[in-house]
Amino acid sequence: MQELIRNVGIMAHIDAGKTTATERMLFYTGVNTRIGEVDEGTSTMDWMEQEKERGITITAAATTCFWRNHRINIIDTPGHIDFTVEVGRSLRVLDGAVALFSGVEGVEPQSETVWRQADRYEVPRIAFVNKMDRPGADLDKCVAMIRDVLKANPVLLQLPIVENDEFLGVVDVICQKAYLYDNDRLGSEYSVAEVPGRLQVRLEKAREEMLEKLSEIDDELMETYLHGGEILASELKRVIRKGTLSQTILPVLCGSAFKNKGIQFILDAIVDYLPSPLDVSPYLAWTEDGQETQLIGSKEEPFSGLVFKIMNDPFAGQLCFMRIYSGRLHHGETILNSSKGKTERIGRILRLHANKREQLKHVEAGDICAVSGLKTASTGNTFTDPDAPVLFETIEVPTPVISVAISPRKKDDLKKMWFVFNQFTVEDPSLTVKLDNDTGEVILSGMGELHLEIVMDRAKREHNLDMSFSAPQVAYRETITRKASAVGKYVKQSGGRGQYGHVVLEISPLEGKEFEFENLTVGGIIPKEYMSSIEKGVKEALEKGVILGYQMLNIKVDLVDGSYHDVDSSELAFKLAASMAFKDAVKKANPIVLEPVMKVDVNVSPDHLGSVVGDLASRRGRVSTIDDRNDAKYIVAYVPLGEMFGYATNLRSMTQGRGYHNMEFFHYAPAPASIFEALKKTREKTVTEALYG
């Protein structure tokens, strides 16, 4: 029954305790007979060798557990910014999320990033403030940061019980009871007691704030509250659920995952407050002719599902992680990849538990599963009943910001290298591999140095492919700064039928979009059948760049004139003519180079603030804000990516190992003339060497 399903993700900043909390959930729900530990490399969810060694989550792992007769499908997502695509594509298919925050650090940089991703997909959330056993943990400060930084409306449902710096349990604001844990029983058992006297005032204040916020959501509750009537716990939970689903409030719980305290209450809150698949339906989709439609999400509707992740398993082959939105899917059934217009036959259907599988005969609306046998699937593809095709919104993939030139140490491994890295790009769409036709180099691009390092390590461990790579290269872009027009004419006559294509293009800078093409010709001076070829010729020139070979952005192209020949015109001729016209126009439009600028969050002690700010300035960084956070200085700066290589090492050196930073792509900005000239000289040298050796 769909009302008994919860599809939830665990999201947070790196090292906030996501995987530790998930391991406890698996233990308390009976999936695991022992508690896995991240630090010991024994966690179920961090199953990759690189995850065990580094103690971080790299890939989103899915599992299923049961609590209070509800099936909870959990996805544990990475916290490092380099693997943010894993968070985004997981949130795209989840119905709810648990946002974890460290009780010491509060809202951290990646907390903001994943919160924005959840906002993008309108995912209802509950919050869990973790690490309440740590010195310096401050629930009130963390809640204030959630309110001020994330612009959420937190409602405290629990208060911590701390005595002699020891975290003993929590006070339930709804039931007004204390729950005390026995440290010797792995958190499986706790006792219910009266609220300690010293916490009575704080409890009354928290309850008053909770009732005020809930009264704003529900008129019936407001009536009871204003007249001083008795409010039952069941009534409070009903309104909390209502507010959570509408995202007008954020229920906040607290505890310590590492010390096994408070996890059962997260499971209760998932069941009580987060939505079932029925609560978030109907689902928006589009028909073949582009019309909006809605799916109720029932088992009786035709089948539809979305592939949100692809993984290559050494035993099962390619596995497609799929969210089922409507209908039923059976083993051996033929379905349609409506994103690509191709039919496929289902191999096996598997229920996931990290890297372990359970084979199923069928799945139905609301389920998350893995499917084998889909050869045409890509991340974000919609699969449907062949007789009832629809398309769901696809998944946003961030643009790679860092590149390296790669090559196998053994020349015989060249073919193997292409196979392996193409396989990696199918799994991870934020990773790209392409051949630079001008230099002959194979360019691997990703989200950060750690991202590329993990990929290279996987190639060696999983495929015995030993690679060499150059220093990282920045993924620069090109654009124009003024309007220009040019004529492209491709005429070729060599006996028999010739080639004729003639276009006049006008290009101009474009804000907010990478590219736009518009046909402004009238009277059929160029037949419609050639329009796609003209646009294709422009797009190919865009991708290859005109000045330095970097992809071009923010350009509007208008087709304003041209002509055709009844016999000699062809799609190829118009494609080449468009490419010629575009390149000539760009050269007249004052082209410039754009460089990726990163938002850099740095956390340092006050003693090192001056040296860190000075170092950022020397990297052409612009410091935006400097705030106080937990006796440390929190710096937000915007720095060109080209100046940030090796920064982690320098920061550790400047701060005696105590400073740390987080970095994410912010936008592209014009590069200084000195950068443009240096890139131009490098390109000229590279091309010369490639041509003449």
Side-chain angles (χ1 to χ4, degrees), residues 80-85 88 109-110 112-113 116-117 396-406 425 428-434 436 441 443-453 455 469-481 509-515 542-555 591-602 615-624 635-648 650-651 661-680 682-683:
H80 198 285
I81 188 65
D82 283 17
F83 310 107
T84 190
V85 68
Q110 184 66 356
E112 298 179 54
T113 301
R116 288 197 301 271
Q117 288 174 305
E396 288 186 353
V397 177
T399 304
V401 297
I402 185 173
S403 302
V404 293
I406 61 172
T425 60
D428 183 354
S430 67
L431 191 74
T432 63
V433 179
K434 65 179 181 180
D436 187 319
E441 291 181 318
I443 306 298
L444 176 69
S445 304
M447 300 307 298
E449 291 178 82
L450 178 61
H451 188 198
L452 299 187
E453 183 185 328
V455 170
F469 58 96
S470 68
Q473 300 174 27
V474 177
Y476 292 100
R477 296 288 185 263
E478 298 176 23
T479 193
I480 57 173
T481 56
L510 179 66
E511 291 290 333
K513 290 178 69 176
E514 291 190 2
F515 170 69
L542 273 169
E543 290 171 4
K544 295 177 182 177
V546 175
I547 308 303
L548 298 178
Y550 297 112
Q551 181 183 341
M552 303 200 74
L553 301 175
N554 310 128
I555 297 180
I592 60 171
V593 170
L594 300 174
E595 60 181 353
V597 175
M598 313 301 286
K599 178 175 178 280
V600 183
D601 304 280
V602 190
D615 181 70
L616 289 170
S618 72
R619 297 172 184 269
R620 295 193 287 122
R622 176 177 64 85
V623 174
S624 172
I635 307 164
V636 177
Y638 299 92
V639 191
L641 176 63
E643 306 289 343
M644 287 300 292
F645 295 125
Y647 182 69
N650 285 0
L651 181 62
H661 82 292
N662 191 74
M663 183 172 71
E664 64 178 309
F665 174 73
F666 182 61
H667 69 175
Y668 275 97
S674 58
I675 298 291
F676 180 87
E677 291 302 321
L679 291 171
K680 193 173 179 181
T682 301
R683 181 171 176 79

Item to complete: Hey, could you give me the CD1/CD1 distance between I443 and I406, rounded to the nearest 0.5 Å?
Response: 8.5 Å

Worksheet item: To the nearest 0.5 Å, how far apart are CD in Q551 and CZ in F515?
Response: 11.5 Å

Worksheet item: Side chain of E511, backbone of N554: donor and acceptor closer than 3.5 Å?
Response: no

Practice prompt. Can you see which heavy atom on A475 is nearest to which on P596, and at what distance?
Written response: O-CD, 3.8 Å

Worksheet item: Of the non-hydrogen atoms in G642 and V474, which two are nearest, and what is the gap between them?
Response: CA-CG2, 3.4 Å

Item to complete: Please name the residue in the list D601, L651, L616 that meets the side-chain contact (heavy atoms from CB on, under 4.5 Å) test with H661.
Response: L651

Worksheet entry | Partner residues of Y476 under the ring pair (Phe, Tyr, Trp, His ring centres under 6.0 Å) criterion, sequence neighbours left out | Y550

Practice prompt. Could you pull out the closest heavy-atom pair between V597 and A669, with the gap in Å?
Written response: CG2-CB, 3.8 Å

Worksheet entry | Note, I547 side chain near V593 side chain (heavy atom, < 4.5 Å) | no

Practice prompt. Could you walk me through whether L548 and K680 pass side-chain contact (heavy atoms from CB on, under 4.5 Å), step by step?
Written response: CA-CA 6 Å; L548 298 178; K680 193 173 179 181; 3.9 Å; yes

Discussion item. Once rounded to the nearest 0.5 Å, what's the spacing between atom CD1 of I555 and atom CD of E514?
Written reply: 10.5 Å

Worksheet, complete the sentence: Looking only at heavy atoms, the pair that brings M552 and I480 closest together is CE-CG2, 4.3 Å

Worksheet entry | Under 3.5 Å donor-acceptor, E478 side chain and P591 backbone | no

Show the atom names and distances, to 0.1 Å, of all donor-acceptor pairs under 3.5 Å that link a side chain in residues 617-624 to residues at least two apart or in another chain.
from: S618; atom 1: OG; to: D615; atom 2: O; distance (Å): 2.6
from: R619; atom 1: NE; to: D615; atom 2: OD2; distance (Å): 2.9
from: R619; atom 1: NH1; to: E643; atom 2: O; distance (Å): 2.6
from: R620; atom 1: NE; to: E643; atom 2: OE2; distance (Å): 3.2
from: R620; atom 1: NH1; to: E595; atom 2: OE2; distance (Å): 2.8
from: R620; atom 1: NH2; to: E595; atom 2: OE1; distance (Å): 3.0
from: R620; atom 1: NH2; to: E643; atom 2: OE2; distance (Å): 3.3

Practice prompt. Could you tell me which non-hydrogen atom of G446 sits nearest to which non-hydrogen atom of L431, and how far apart they are?
Written response: CA-CD1, 4.3 Å

Discussion item. Looking at E664 and R116, is any side-chain nitrogen of the basic one under 4.0 Å from a carboxylate oxygen of the acidic one?
Written reply: yes

Response to the item:
In terms of heavy-atom contacts, T479 and L553 come closest through OG1-O, 2.8 Å

Practice prompt. Any chance you could measure T682, atom OG1, to E677, atom CD, to the nearest 0.5 Å?
Written response: 11.0 Å

Practice prompt. Can you measure from OH (Y647) to CE (M598) and round to the nearest 0.5 angstrom?
Written response: 13.0 Å

